[in-house]
Amino acid sequence: MAGLWQQLCSLWQGQAPALLHLILHLWVLYPLPSVVSLDTTDNSPHLKGYEVVKGNFSRTFLRVGYHKIAEVPAGACNISIQETIKSRNYLALQMKNGMSIINGNWVIDRPGVFTALGTQLMYKRPNEIRSRSGESITAPGPLTEDLHVYLIYQQPGPSVYYEYTLPLKNIYPSPEPVTQTDKLPLAEKVTPSHPEETVKQEDVSKNDIIKEKLHPNQVPSDPNTASDPTPLYMWTKTGQTECSTTCGTGRRQTLWECVEKESLVTVPADLCDTALEPTNREEDCNLQSCPAYWDMGEWSDCSRKCGPGHQRRQVICRQVTHVHANGTETAVTVAQGLCGSTDMPVTESTCQLKICSQWEIRSEWSPCSVPCGVGQRSREVVCISNQGEVEPDEECNMNLKPDTFQNCDMGACARSWFTSFWSQQCTAECGTGNRTRTAICLMDHVTDLPLGSCEGERPSEVMSCDSGPCQQRLEWYTGPWGQCSAECGNGTQTRSIACILNNNGHMEVVEQFKCSSLPQPITAQPCRLKPCGVQWYVTEWSTCSRSCNGGYRVREVRCLTDNIAPSDKCDSGVTPENREECNKQACLAEINPSCSDQYHSCTVVVQARLCIYPYYRSVCCASCSRSQKTYPNTFQMNRVRR
């Protein structure tokens, strides 16, 4: 009966009269009550041994991509899947093993006929702008295995209607055991054992015939009982096949059937004399010219890999000039006016393969990398797909990526000014003179900025000195400096000193002990015959890290060239100390408990001498209070200076 169901499926496609004729013929040969019958309440005949499955798929919003609509089981026929509303969505078909049939893997196929699962699937997609119909897929069936139906969602509000027919299970009861009776069946269905005995599907569908043979127990008539028996069957013309084409000169055949002479009921062909069977003659048909039509090429790839894009195709007006016997056609390009330029299909369309991935900021800005001065802070920025998955950065627009690093200015550091050591000699031999030193402004430990650009006042570079009165005055007099101990850079040179009594320009050498109350001039000093290119510079010591129980203080040490540029060529063996212990005394009673540190590293604030600012004094109250308690003069001096 599987073959019968396949015939019914094929005949159901617009051949209701032939189907009715086949059902009546089967009822005569195989009376099966309550199995196959006509439903007279419907205008179109249908079998009670099958069921029609209908469904509608509609949603308001979905994520862009493939969504399963339905699963059509094996054996189904009269399959119809139709978009009820025209949209930019697409229908797609897939086998149960995941292999794509139509519109798989984001590749949109051209409309046409696709052969799969034992049937032909007709895929239609309107292309004209004025068309209001959506996509559709139809197939006569029956299916040899399950068919999975998908919707490629790209536009809100999809609506798809689907329908198919299924045979009811066990509609044909098991045959009764064969018993010897006087009544024999008229005919039985047979399956040919040789290829030449196979009945063509189109012959069955058009002629409504199933092949019959005599029952083995049926006794044939004896040809010797009559000398000239009258034939009971004859060949009769029943019509013509459809023309092979609707235009452009096609071909068709004349059809003949074997019928009983008296009732003209169609009987198996082998009951008629095969020698008298007429030949199916072919003749020309539909000689009129074919109308011009629009030949549409394949759509090009979408202009964008994600987001709204464009695709184009070539549209040419063609006309079929001849239809060949093997089914091929000869067509030529003609003027667009013959196809109707107003009805020309669109050559450009919008497309979207998928939604573009977007940048997402996953974290806040991190703390600045430095407690003072200019540093950097960072945050996490990732590329996220429309499904929420992290993608490589290349999937997002790199030109729109938010900053992952940013400069941060925590204010000028208090260690901006650098000074050299004071000179050893006063500029005046007697009376008031000056001693000098050099002050430079360094920002970020690299850039040499103009003086005055640093935070706070510029350190003094001149300090007054008093050499005493010049009358009746004991003075130290020094001799010339000796040769420098180093050929370049820092060296040492010595000199002799003498105690002189100066009385209005009259000088007399006296014992040195008489000048013991006076600061004795140095007898040795550094010397530089020529610059070696670099020397060490230091800042003032920072505040101690702890006010009691032992802490440490630091200072900046920099190697600078003659033009005050940073260098790494200084003698590392004479590098000044940049850290030392301090405040080794035991701690006193705890300060006010309401004054506490809120900053994660207030020690750095104290070292950087930032307690002079109200903000840092509030967030590092305890550390700044201890610092002020330990070094009150230094704190006030720095605060006044800045």
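- The closest donor-acceptor contact from the side chain of Thr119 to the backbone of Leu143 lies at 3.5 Å or more, if one exists at all.
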*Using the disulfide bond (SG atoms under 2.5 Å apart) rule, take Cys582 and Cys544 through it: C-alpha gap first, then chi angles, then the decisive distance, then the call.*
CA-CA 6 Å; Cys582 55; Cys544 192; 1.9 Å; yes

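- Side-chain atoms of Glu556 and Tyr537, non-hydrogen and from C-beta on, never get closer than 4.5 Å to each other.
- Within the model, atoms CD1 of Ile152 and CG of Asn89 stand 9.0 Å from one another, a figure rounded to the nearest 0.5 Å.
- Within the 3.5 Å criterion, the main-chain N or O of Val381 finds no donor-acceptor partner in the side chain of Thr404.
- Judged by distance alone, with hydrogens and angles left aside, the side-chain atoms of Thr438 form no donor-acceptor pair with the main-chain N or O of Ser420 at under 3.5 Å.
- A donor-acceptor pair under 3.5 Å is formed between the side chain of Thr84 and the backbone N or O of Ser159.
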*asked:* Between Arg553 and Glu580, is the salt bridge (charged side-chain N to carboxylate O under 4.0 Å, His left out) condition met? List the steps.
replied: CA-CA 6 Å; Arg553 61 180 183 174; Glu580 67 179 11; 2.3 Å; yes

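- Here Glu163 contributes atom CD and Ile79 contributes atom CD1; the two are 11.0 Å apart, rounded to the nearest 0.5 Å.
- The SG atoms of Cys570 and Cys559 are placed within less than 2.5 angstrom of each other.
- Counting heavy atoms from C-beta on, the side chains of Val346 and Arg313 come closer than 4.5 Å.
- Formation of a donor-acceptor pair under 3.5 Å by the Asp109 side chain with backbone atoms of Ile102 is not found in this model.
- Put simply, the side chain of Arg437 gets close to the backbone of Ser460: a donor and an acceptor are under 3.5 Å apart.
- For the pair Val605/Tyr613, no side-chain contact is recorded, criterion being any heavy-atom separation below 4.5 Å from C-beta on.
- Taking NZ of Lys96 as the reference point, atom CD of Glu71 lies at 10.0 Å (rounded to 0.5 Å).
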*Mind running side-chain contact (heavy atoms from CB on, under 4.5 Å) on Trp299 and Ile108 for me, showing each step along the way?*
CA-CA 9 Å; Trp299 285 105; Ile108 305 304; 6.0 Å; no

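- Side-chain atoms of Gln155 come within 3.5 Å of backbone N or O of Arg88 as a donor-acceptor pair.
- For the side chain to side chain contact (heavy atoms under 4.5 Å, CB included) test, residues two or more places apart in sequence or in another chain that qualify with Val53 are Tyr164, Leu166.
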*Starting from the C-alpha separation in whole Å, work towards a yes-or-no answer on side-chain contact (heavy atoms from CB on, under 4.5 Å) for Tyr66 and Trp106.*
CA-CA 9 Å; Tyr66 287 78; Trp106 287 103; 4.1 Å; yes

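- In this structure, Ile137 and Val149 have side chains that are not in contact, with every pair of non-hydrogen atoms separated by 4.5 Å or more.
- Under a 3.5 Å cut-off, the side chain of Ser303 and the backbone N or O of Gly309 do not form any donor-acceptor pair.
- Contact of the Tyr293 side chain with the Val320 side chain is registered, since non-hydrogen atoms from C-beta on lie closer than 4.5 Å.
- Summarising the geometry, atom NE2 belonging to His148 is positioned 11.5 Å from atom CE belonging to Met95; distances are rounded to the nearest 0.5 Å.
- Partners of Trp359 under the ring-ring contact (aromatic ring centres under 6.0 Å, His included) rule, at least two apart in sequence or in another chain, do not exist in this structure.
- Remark: Cys339 SG to Cys317 SG, distance under 2.5 Å.
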*Full working for disulfide bond (SG atoms under 2.5 Å apart) between Cys620 and Cys611*: CA-CA 8 Å; Cys620 295; Cys611 290; over 6 Å; no

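- No donor-acceptor pair closer than 3.5 Å links the side chain of Asn105 to the backbone N or O of Val107.
- In this structure, the separation between OG on Ser349 and CD on Gln311 is 5.5 Å, given to the nearest 0.5 Å.
- With hydrogens and angles ignored, the 3.5 Å screen pairs a side-chain donor or acceptor of Ser542 with a backbone N or O of Val554.
- Leu93 is not listed as a side-chain neighbour of Leu117, based on a closest heavy-atom distance of 4.5 Å or more.
- Between Ile384 and Val390, some side-chain heavy-atom pair lies under the 4.5 Å cut-off.
- Side-chain contact between Asn583 and Arg546 is absent, with no heavy-atom pair separated by less than 4.5 Å.
- The pair Glu540-Arg555 fails the salt-bridge criterion, with no side-chain N (NZ, NE, NH1 or NH2) lying under 4.0 Å from an Asp/Glu carboxylate O.
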